[in-house]
Each structure stands twice: as C-alpha cells, then as structure tokens.
Number of protein chains: 2
Amino acid sequence: MSPLPSGLLGDLDPTSDRAVFRQIADQLREAIDRGRFREGEKLPSEADLVDHFGVSRMTVRNAFSILQGEGLVHAEHGRGVFVRPRPPVRRLASDRFARRHREQGKSAFIVEADAAGSHPQVDSLEVKEEKASQDVSARLGSVRRVLARRRRYLLDGRPVEFATSYLPLDIARGTPIAEPNPGPGGIYARLEELGHRLDHFEEEIRARMPSPTEVKTLRLAAGVPVIHLIRTAFDTEGRAVEVCDTVMAADAYVLSYQLPAT
Amino acid sequence: MSPLPSGLLGDLDPTSDRAVFRQIADQLREAIDRGRFREGEKLPSEADLVDHFGVSRMTVRNAFSILQGEGLVHAEHGRGVFVRPRPPVRRLASDRFARRHREQGKSAFIVEADAAGSHPQVDSLEVKEEKASQDVSARLGSVRRVLARRRRYLLDGRPVEFATSYLPLDIARGTPIAEPNPGPGGIYARLEELGHRLDHFEEEIRARMPSPTEVKTLRLAAGVPVIHLIRTAFDTEGRAVEVCDTVMAADAYVLSYQLPAT
DNA sequence: CACGCTTACTCGTATAGACGAGTGGGCGAG
DNA sequence: CTCGCCCACTCGTCTATACGAGTAAGCGTG
C-alpha cells in the first residue's frame, strides 16, 4: 500500500463545521474537476484515504457514495473506484422522423449508428396485444387494447434505450406492423401506406432517477438519470395513431429540437 | 416507540443472496409503490426498522440511502423519513416563444404561473459583461465578450430554474437588453425592435445529476436530477443572437415539443 | 511454457456503539 | 393561560471491527 503522492489531496479542516466525509468528497471532486484524475483513472483506494486523512473506513466510503450519487465516479468490486468516463452521446435531432430519413430496410437507429462508426444492436424484441394502460389509452383516444412493440437498443454492446410503441388494434392488427420486422422505413412507413398520413408528432420529456428495473435493463451506473420521452404521432385527420414510450440512459443522449419563432 | 403495525412490512429472507439492506429497501419501495405510504407520509423511523428486522442501524440507513438515491424518499433531520411528494410540474410547450405570447410588461414565466394559480418570483438578477466561455463563443460565432443576464425563477417560494442568457456585445450593449428589466415582451421583443427578426430556436437537452452548486441554488433534494437546456436563437439572417443556458429541477418540469412530420 | 493455486489488495456487507443536533410535545413555573 | 424549559425521539456523523467476495499478479508445480 503505497502512500498517497503528497500534494494530490490536502488536509481536513477540523474547525470547519462541514462534515468530514463531505470535506473528503469535496477534495476528490475538485481533484477530478481539475483533471488531477482523468476519465477512467483509478482513485486512491479506501485504505489509502483512511491512512491519508486518518479517518475510519466508513467515513471514506460515505465520501465515495456522495460522488457516486453525483455520477462522478463508480466503484468496481475488487478493482477500485474510478472516474466515470463520459460515454459518447447519441444526438437526437428533431427532424429524425422526416420522411426523407426513412431509409430502405434499415431502421434510423442502425443507419445513424453505422454512420457514427459504432456497432448498433436491437434486442428484446416483443410484439403482442395487451391492455392499454390508463395513460396510453388517454393519449390514443380511449382505446382498450393495443398492439405493443417493445425493443431495446444497444450501442457497442451497451444498452442505451428501451422503447415501447403502442398502436390501436383497429389500425395495426393483421398488418406488417404486427410483425417483428415491419419492413423498410419502419412502422411509420407502414402507417402511411395504410392511409394514415402523418401530420405531426408531440413529444413529452421528463428526467428522473431510474427504477431498479430500468437500472437492470439499461445496466445503469449509480448517479445516472434517465430521460423519459413519450411521443405521440398524429395523422392528418388529427387522430393519434401511435404512442411511443422511451426510456433513455441520460448519459448517452443529447436531444436537439428546432423551433420556429412564429 | 410503538412497534410496527404487523403486515405493513414482511420479513427478511436469510437464504436470499440479496443483501439485507437491499431487501429492506425493496420492501419499503414496494410498500410505497402500492400506496401503503402516501406522498408526504412519514415512514417508520430507523429505530422502528432496526427493531422490526433485527438488524443494525447502519443497515437500515443503507436501505434508506438507496431510496433517497432513487428520489423516492427524503430525510428530515429530527423529524423522520418521508415519501417525497411530487411537486406540481411546469409544462414548457414548444410554442412558448411565439410572438403572440409576448404579453405586455410581464414575462412569460409570470403570466403562466399566475394562470396556474401559483406564486411566481424572479431573483438573483444579474446583468453584466463578461468573457464568453468556449462553448458560448462557439455557439454565438466566435465572440470574445458577451452580455450575460442571470436570473433564478421560483414557484411558491421554491426555486425551479436558473438561467443565463448570453448576447453578443455589438447587439446588446447600450440597449434596454443591458438593463435589469428589458421591458414588455422581454429581450426577444427588444431584439426584434433592434432589427434582429427572430427566425428559429435550437434547443439542446441533457439530463444529469446536479453539481453541489446547483443543489444549493435550486435547493434540490437527493435523487433529483437536473434538465440542462441550451437554447440558441437565430435571426432571419441566420445569425445566432442569443444563447440561453438553463438548469431546471427535473422534478418540476415536463418539456413538450411539437414536431412536423415533414 | 502453461496451468492452477496462493496471496495481497480491492470493495461489499454488517455489527455495535457513541455523541451531536434538530424537532416537537409535555410539563411546570409564573 | 402562556411561556419557557426539558426530554424523548429523530436523523447525522464518526469510530472500530469483522468477514465475505471479486481481481489480478506472482509463484510454484507439472
């Protein structure tokens, strides 16, 4: 156990009324911000810090748990505590559903990821009829049962997004939309072929901490929120023809919208 | 110290390899989800749970700290641990900058809050010239110095949003935009009067955990992420005339956008 | 050389105890 | 009755200790 390089971290201020574990967290946070520790780099071990600051281990662990909650670091059992690297972000533009983007055969996700040089994957495909939740029913205009299309998106092996599309049965049943692979251009292309020319989308965005299920599905590190996006697609007759409920790892996304200044 | 009502919480499973503090957190989470504890209601005290489960206090505290990280509960020193109430959310529509919404005298924030029956407030007003950050400079087209307008928004006494507008000096200096109160219709009205007719806005949205500064400024509870929104306003000549950097308490907002299906 | 075991180091979980500090109700003095 | 104090209860901070379990490097054996 090598002692900490002197100067890397300072001392505690016993006169301060700031709790010791907060002072330690402050020092580590500042060192990270200043680039003394780089992305992915290992921080001093708990034992190192116990020696350096002369405190008990629980105090050091408390300090680390603060930084974890802030999403700054993550611990790996048996290895150490590391500065959490910022993963590459996926940029979602507001014109991503424009007709011109409906490529042949491949989904927007695949096309875009290929272009960015990363390896895209879609799994957990599930297509089935089910009872509409109260919220989905309200958005689709009081439908009882819906077709649900569930899928998870991964980039370079990392899950980044989990989405479920809900469609009224009278529109989707017996059409390619009810097939696992709906064909080129995705379900929006199919909807238009079925006579539902798309007019506009409405997107609602929230951010919150993930549920335990979401942590598992998206393999989220501590201190990573999720972006919850609910999109409703309207056809030219003003009918809501699809609701898509998406949960995204917030550290993997930047959403981008263009608004007219009308 | 009254014993816990039997049936409210179950027992631990000693054969499970799930950690005890996680099992306790699971039980509390489920009880909250099922409505056994309502919003704002007090959960059993640490001492109660120590007795009920026959574990040490740190184990119970670990369980609570998980739930805090999930934003489900919050602790109040000397009072107890409570189910975190969901505050009323502010809905931001994508047409909120439309010209027709530029009311006389009052800002959009005030008008909207009044309409919703809550008490709006704006403070921390600061208007000054400063050096542009690298990011702001890039967005505004390589300007060195900018006019920065900082303000914090509160609803019913609770801070919900902290925003800074940056404008190029050659546009803003010496105009009402450089005054604390820019007058009716806000700075967008002034920009148009100055010949910069607004064409469109671009908004970038991220979500992440707050920095300690943001926690203080927005008085955020544990487990509440922030929404970071960066808006750039473009005039009809394609010039970026303002960048607005906004940090919002994520539990107080729903963003809503309308997209054409062009 | 290759494989497997040992070992040191890492974080994870849990116990027991101590003191501090904020809150709020109750009780006693005036 | 009212005010102020006290006390019980609450969470916050910190120490000290123990064992478990994952990781990786090194060493010894075949």
Side-chain angles (χ1 to χ4, degrees), chain A residues 1-4 11-28 37 40-69 72-84 215 221-223, chain B residues 1-4 11-28 37 40-69 72-84 215 221-223:
Chain A
M1 164 183 344
S2 57
L4 232 51
D11 293 318
L12 298 177
D13 174 5
T15 71
S16 163
D17 52 359
R18 189 152 177 85
V20 174
F21 72 92
R22 285 184 207 285
Q23 292 187 47
I24 297 178
D26 291 345
Q27 291 207 20
L28 291 169
F37 300 106
E41 197 174 331
K42 186 176 170 300
L43 294 174
S45 76
E46 293 176 359
D48 289 343
L49 295 172
V50 163
D51 289 349
H52 178 82
F53 289 114
V55 298
S56 85
R57 192 176 154 217
M58 282 311 295
T59 303
V60 170
R61 281 182 65 78
N62 263 335
F64 274 141
S65 99
I66 289 187
L67 299 179
Q68 270 195 50
L72 272 182
V73 307
H74 70 113
E76 292 182 29
H77 192 171
R79 304 224 308 129
V81 178
F82 301 83
V83 180
R84 201 154 67 70
V215 168
Chain B
M1 165 184 341
S2 56
L4 234 52
D11 293 316
L12 299 176
D13 174 5
T15 71
S16 163
D17 52 359
R18 188 150 177 87
V20 173
F21 73 91
R22 286 184 205 287
Q23 292 187 46
I24 296 178
D26 290 345
Q27 290 207 20
L28 290 169
F37 301 106
E41 197 174 333
K42 186 173 169 302
L43 294 174
S45 75
E46 293 176 0
D48 288 343
L49 294 172
V50 163
D51 289 349
H52 178 82
F53 289 114
V55 298
S56 83
R57 192 174 154 220
M58 283 310 296
T59 303
V60 170
R61 282 183 63 78
N62 263 335
F64 274 139
S65 100
I66 290 187
L67 300 179
Q68 270 196 51
L72 273 182
V73 307
H74 70 113
E76 292 182 31
H77 192 170
R79 304 222 311 130
V81 178
F82 300 83
V83 179
R84 199 153 68 70
V215 168

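Sequence lines set the chain letters: A, B, ... in the order given, protein chains first and strands last, and positions in each chain run from 1.
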Return the value, rounded to whole Å, for the distance between atom [atom1] of [X] and atom [atom2] of [N].
| X | N | atom1 | atom2 | answer |
| --- | --- | --- | --- | --- |
| B/R61 | C/dG20 | CZ | C1' | 13 Å |
| A/D17 | D/dG12 | CG | P | 16 Å |
| B/F82 | D/dC9 | CZ | P | 16 Å |
| A/D51 | C/dT10 | CG | P | 10 Å |
| B/F64 | D/dT13 | CZ | P | 16 Å |
| B/H74 | D/dT10 | NE2 | P | 16 Å |
| A/E76 | D/dT23 | CD | P | 9 Å |

Inset, instruction - With sequence neighbours left out, write down each residue that passes salt bridge (charged side-chain N to carboxylate O under 4.0 Å, His left out) with B/E41, or none if nothing qualifies. - result: none

Inset, instruction - Grab the two heavy atoms, one from B/K42 and one from B/F37, that are nearest each other, plus how far apart they are. - result: O-CD2, 4.1 Å

Just jot down the side-chain contact (heavy atoms from CB on, under 4.5 Å) partners of [X], sequence neighbours excluded, or say none.
| X | answer |
| --- | --- |
| B/Q68 | B/V73, B/A75, B/A222 |
| A/V20 | A/L12, A/I24, A/V55, A/T59 |
| B/R84 | B/H74, B/A221, B/V224, B/D251 |

Legend entry - Short side-chain N/O contact to C/dT10 OP1/OP2 from A/S45, under 4.0 Å: yes

Inset, instruction - Mark yes or no for whether A/E46, through its side chain, and A/M58, through its backbone, hold a donor-acceptor pair below 3.5 Å. - result: no

Test side chain to side chain donor-acceptor pair (under 3.5 Å) applied to [X] - qualifying residues, sequence neighbours left out:
| X | answer |
| --- | --- |
| B/Q23 | none |
| B/D13 | B/T15 |
| A/R22 | none |

Inset, instruction - Scan nucleotides 22-27 of chain C nucleotide by nucleotide, 5' to 3', and note B when protein non-hydrogen atoms come under 4.0 Å of the base, S if they reach only the sugar-phosphate, - if neither. - result: BSS---

List, with names and distances, any nitrogen or oxygen atoms from the protein found under 3.5 Å away from nitrogen or oxygen atoms belonging to nucleotides 14-16 of chain D.
from   : atom 1 : to    : atom 2 : distance (Å)
D/dC14 : OP1    : A/V20 : N      : 2.6
D/dC14 : OP2    : A/V20 : N      : 3.3
D/dC14 : OP2    : A/F21 : N      : 3.2
D/dT15 : OP2    : A/S56 : N      : 2.9
D/dT15 : OP2    : A/S56 : OG     : 3.3
D/dT15 : OP2    : A/T59 : OG1    : 2.5

Legend entry - Rounded (10°) bend between the five-pair end axes of the helix from C/dC1-D/dG30 to C/dG30-D/dC1: 10°

